[in-house]
Asks: 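One structure follows; several queries about it will come next.
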Amino acid sequence: QMCIRDSNNIKLPGNFFNNKKLWGTAAITTLLLSWGSVIAGSWIYSATGENIIYFFVSDSNKLLALITSVTLFLYFKNLNLDITN
């Protein structure tokens, strides 16, 4: 039996998408994970000679790149910047 949920039943806290601290922390975490994956790939290449780093950087639609871009977008979306002329 299929269970179909109404999208109106999904409730998120009111400030979930407007929380600068949450999205700033998530952005920094995903950036560190991205950099760490490149460093790990470089270390694996130097240790084994297998070039797996190409797998991580060849396509921009990888999950880590997508998560990083979404968290950075949600962080910068909530920044209050003064507009100067």
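Note that the coordinates shown come from a computational prediction; the quantities given were computed from them, not determined experimentally.
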Asks: Kindly work out whether a path of hydrophobic side-chain contacts (I/L/V/M/F/W/Y, heavy atoms less than 4.5 Å apart) joins Leu33 to Trp23.
Replies: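 No: no chain of side-chain contacts under 4.5 Å links Leu33 to Trp23.
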
Asks: Would you please test Leu31 and Leu72 for side chain to side chain contact (heavy atoms under 4.5 Å, CB included) and show each step?
Replies: CA-CA 9 Å; Leu31 279 172; Leu72 284 169; 4.3 Å; yes

Asks: Distance from Tyr75 atom OH to Ile28 atom CD1, nearest 0.5 Å?
Replies: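 These two atoms lie 7.0 Å from each other.
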
Asks: Closest heavy-atom contact between Ser37 and Leu64?
Replies: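 Here Ser37 and Leu64 meet closest at OG-CD2, 4.2 Å.
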
Asks: In Å and rounded to the nearest 0.5 Å, what is the OG1 to CG distance from Thr30 to Leu66?
Replies: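 Answer rounded to 0.5 Å: 10.5 Å.
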
Asks: Locate the shortest heavy-atom distance separating Asn78 from Lys20; write the atom from each residue and the value.
Replies: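 For Asn78 and Lys20, the tightest heavy-atom pair comes out as O-CD, 3.3 Å.
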
Asks: Compare every heavy atom of Ser34 with every heavy atom of Thr68, then report the nearest pair and how far apart it is.
Replies: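 For Thr68 and Ser34, the tightest heavy-atom pair comes out as OG1-OG, 3.4 Å.
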
Asks: Can you tell if the side chain of Leu74 reaches within under 4.5 Å of the side chain of Asn19, non-hydrogen atoms only?
Replies: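 Side-chain contact under 4.5 Å: no.
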
